[in-house]
Amino acid sequence: MISEAIKNILSQKLEGLGIKVLPKEISLERPANRDHGDWSSNVALVTAKEAGRDARGLAQEIVDFINENLPYGVEEVSSAGPGFINFRTSRALAYEVLLKVLTSKENSYGSSQLGEGRSVNVEFVSANPTGPLHAGHARGACYGDSVGNLLSYVGYDVHREFYMNDRGLQMNVFGRSLEARKNNEPVPDDGYGGDYVSDWANQMPDGLALEEIIDWGCDYAKRDQQETLSQMGVEFDTWFSEKSMIESGGIEKILTSLEEQGVSYKRDGATWLASEKFGDDKDRVLIKSDGEFTYLTPDIAYHKHKFERSDWLINVWGADHHGYIARMKAAMQALGFDPEELTVQVTQLVKLLRGGQEVKLSKRQGDIIELRSIIEEIGADSTRFMYLLQSVDSKQTFDLELAASQAMDNPVYYVQMAHARLCSIERNANEKGFEFKPLPVDELDVLVHPREIEIIRGLEILPETIELAARELAPHKIVTWVRDFSNAIHGFHHDCYVVGDGVRKELTNARLNLVVASRIGLKVGLDLLGVTAPDKM
RNA sequence: GCGCUCGUGGCUCAAUUGGAUAGAGCAUCUGACUUCGGAUCAGAGGGUUGGGGGUUCGAGUCCCUCCGAGCGCGCCA
């Protein structure tokens, strides 16, 4: 890796100067401004003070040294600004990138072993089995699945899990609601009032007892949710049942365990978790004075269960659950697990517009917009892309009309079109008798057009983009890359004909290499997002 | 009141986690089609990064403070 070579020579010179900098402290980054080269280091700036030197002078001295010992692939080194050291890499290096993409196995360019095979459990959606999935579940579904893709691509052993709260008060209310609608009675005051309750109740067999109704409803809800997720390509490895965990004695085990650790105690007729000691605001009740446990207790048991199966846990929670993070981490710490290995990603709310107007919730339907109807309206690809467009840290707003439109202002179409175009160019080349074969580096050096260079640059930064997105659990960084890269492709398509009267054979073959490599790269990005890469549209 | 997450052109959002001149898309205006899909491309205008203070070579990013938004704050789930 060129970046390693640069780091090595930097640290070599710094050591020679008696400046102590650990290798990991040598930062090398991609300058935002292309005029500053391909790589840039701030080591001179960072170390100048301690070394009692001025940064510019130090940078220049390092530059002079490197100029006498240029590593392979580095064409130019210079100092700039307040003391940056900028590196420009050679064309040949760029062509090697192209070759690497072309010779990579299917769906492997940019993959890595960053995760070293560590097992990670990604739990997301986890909607109550009391109704269909709605708009509020969509962001977590798209996000969690894409995070799973990313982590898997960088070498983690990923397990996707859906936690079903299939017992407790809300299931009872749900059962009674179904029962009432079955009998054409109004649902109880605190019941589920959505239209779907009647629809479902009508499909329910006659003569079921409440317990059976609950089981039937739960099962129906699960299949309904599963089907909706499947429409978006989201599949879980495990649908974990709270009920079965409790029936197998999970609660007793956790209570015993907490007691043995000395982190629970009795007070006012209740059993408490001493969570304040572990960073929570206050202690929490595990067993109420009426003998029932709170909903925290099974959740603790569940997380313990997950920890016993995985090295690292990721929970994707809605913003309304963020207050719950501290106590869950505290509980895990109390049990002796490392709270750092429990990552909770909170997704902020999404506001939906249609034609610029906020989509109003309908009371009649029970205050929900079904996810299924969103997918039907804008399509699965659009749904995934739109929900992944932005960082889940911030609130999001998007317009369903825009997301459904097959127009240039719809980013999904823009990106998919880029892929379709690449395929189209390949088809055209084939029809004209050109056969793609990977060319050696010295035959690729006809690729010098700024559009071509831009594309190669895009492919070059894909692996580091993937790594960053995985490290930060931030699929929107892939979206940004995919959009930028598509922009480069459209530009190339516009300015650089691959096959045509005025294009000589050597250039056609080289550009065909570029086209195929781009298609591979773009598909890697889209796959990570769970968005299809169509051959034609 | 306390806590968490935020606040970036008219709108929707980025910004390599402290880097160099804050970038894209939409919208607006102006240009570009005999070829592989114009569903495209190029250019222009538009910013005191909510306000103020601080830290340092350097702040949208870190600290303090104020303003504003969303969400939490139960022996509910």
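In the text below, chain A, chain B and the rest are named by the order of the sequence lines, each starting its count at 1.
Base engagement by A/Asp268 is indicated by at least one non-hydrogen atom pair under 4.0 Å involving a base atom. If you check every strand for non-hydrogen atoms under 4.0 Å, A/Glu464 touches nothing. Among the protein residues, A/Arg511 comes within range of no part of the nucleic acid, since none of its heavy atoms lies under 4.0 Å from any strand. Among the atoms of the strands shown, only primed sugar atoms or phosphate atoms (P, OP1, OP2) are found under 4.0 Å from some heavy atom of A/Lys49. Across all strands shown, A/Ala270 has heavy atoms under 4.0 Å from base atoms, whether or not it also approaches the sugar-phosphate. Residue A/Gly500 is classed as a base contact, given a heavy-atom separation below 4.0 Å to a base.
Summarising the geometry, the separation between CD on A/Gln396 and C1' on B/C11 is reported as 14 Å, rounded to the nearest angstrom. Atoms CD1 (A/Ile300) and P (B/A77) sit 13 Å apart, rounded to a whole Å. In this structure, A/Ile478 places its CD1 atom 14 Å from C1' of B/A14, rounding to the nearest Å. The separation between A/Asp320 atom CG and B/G74 atom P is 15 Å, rounded to whole Å. One can place CZ of A/Arg34 at 18 Å from P of B/U21, the figure rounded to the nearest angstrom. Put simply, NE2 on A/His419 is 20 Å from P on B/C36, counting in whole angstrom units. Nucleotide B/U12 holds its P atom 18 Å from the CG atom of A/Asn410, rounded to whole Å.
A/Asn315 and A/Thr343 share no side-chain donor-acceptor pair at under 3.5 Å. Under the 3.5 Å distance criterion, with hydrogens and angles disregarded, a donor-acceptor pair is assigned to the side chains of A/Asp381 and A/Gln416.
With hydrogens and angles ignored, a donor-acceptor pair under 3.5 angstrom links the side chain of A/Ser40 to the base of B/A20. For B/U12, its base never sits under 3.5 Å from the side chain of A/Gln390 at any donor and acceptor pair. Side-chain N/O atoms of A/Ser289 and base N/O atoms of B/C75 include a donor-acceptor pair closer than 3.5 Å. Put simply, the side chain of A/Asn86 and the base of B/A20 share a donor and an acceptor less than 3.5 Å apart. Donor-acceptor pairing under 3.5 Å, judged by distance alone, is present between the side chain of A/His322 and the base of B/C71. At a cut-off of 3.5 angstrom, counting only N and O atoms as typed in the model, there is no donor on one side facing an acceptor on the other between the side-chain of A/Asp281 and the base of B/G3.
The side-chain ring of A/His476 is not stacked on the base of B/A14, judged by centre separation under 5.5 angstrom and plane angle under 30 degrees. Evaluation of A/Phe398 against the base of B/U12 yields no stacking contact (centre distance < 5.5 Å, interplanar angle < 30° required).
Comparing B/A20, B/U16, B/G38 against the side chain of A/Ala32 picks out B/U16 as the nearest. Here B/G70 is the nucleotide among B/C13, B/C75, B/G70 with the atom lying nearest to any side-chain atom of A/Leu349. Nearest to the side-chain atoms of A/Leu468 among the listed nucleotides B/U16, B/A69, B/U40 stands B/U16. The side chain of A/Lys477 approaches B/A15 more closely than any other nucleotide in the set B/A15, B/G19, B/C36.
Taking 4.0 Å as the cut-off between side-chain N and carboxylate O, A/Arg457 and A/Asp38 count as a salt-bridged pair.
The aromatic rings of A/Trp317 and A/Tyr324 lie tilted to each other, with the angle between the two planes from 30° to 60°.
The P atoms of B/G51 and B/U61 are separated by 11 Å, rounded to the nearest whole Å. B/C6 and B/G45: their P atoms are spaced 33 Å apart (whole Å). Going from the C1' atom of B/A27 to that of B/A69 covers 25 Å, rounded to whole Å. Spacing between B/A42 and B/C33 at atom P, rounded to whole Å, works out to 15 Å.
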- What do the steps show when you test A/Thr297 against A/Tyr295 for side chain to side chain contact (heavy atoms under 4.5 Å, CB included), and what is the final call? CA-CA 5 Å; A/Thr297 313; A/Tyr295 96 115; over 6 Å; no
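Taking syn as a glycosidic angle within 90° of 0, B/U55 does not qualify and is anti.
Proximity of A/Thr297 to the phosphate of B/C75: no side-chain N or O atom is located under 4.0 Å from OP1 or OP2.
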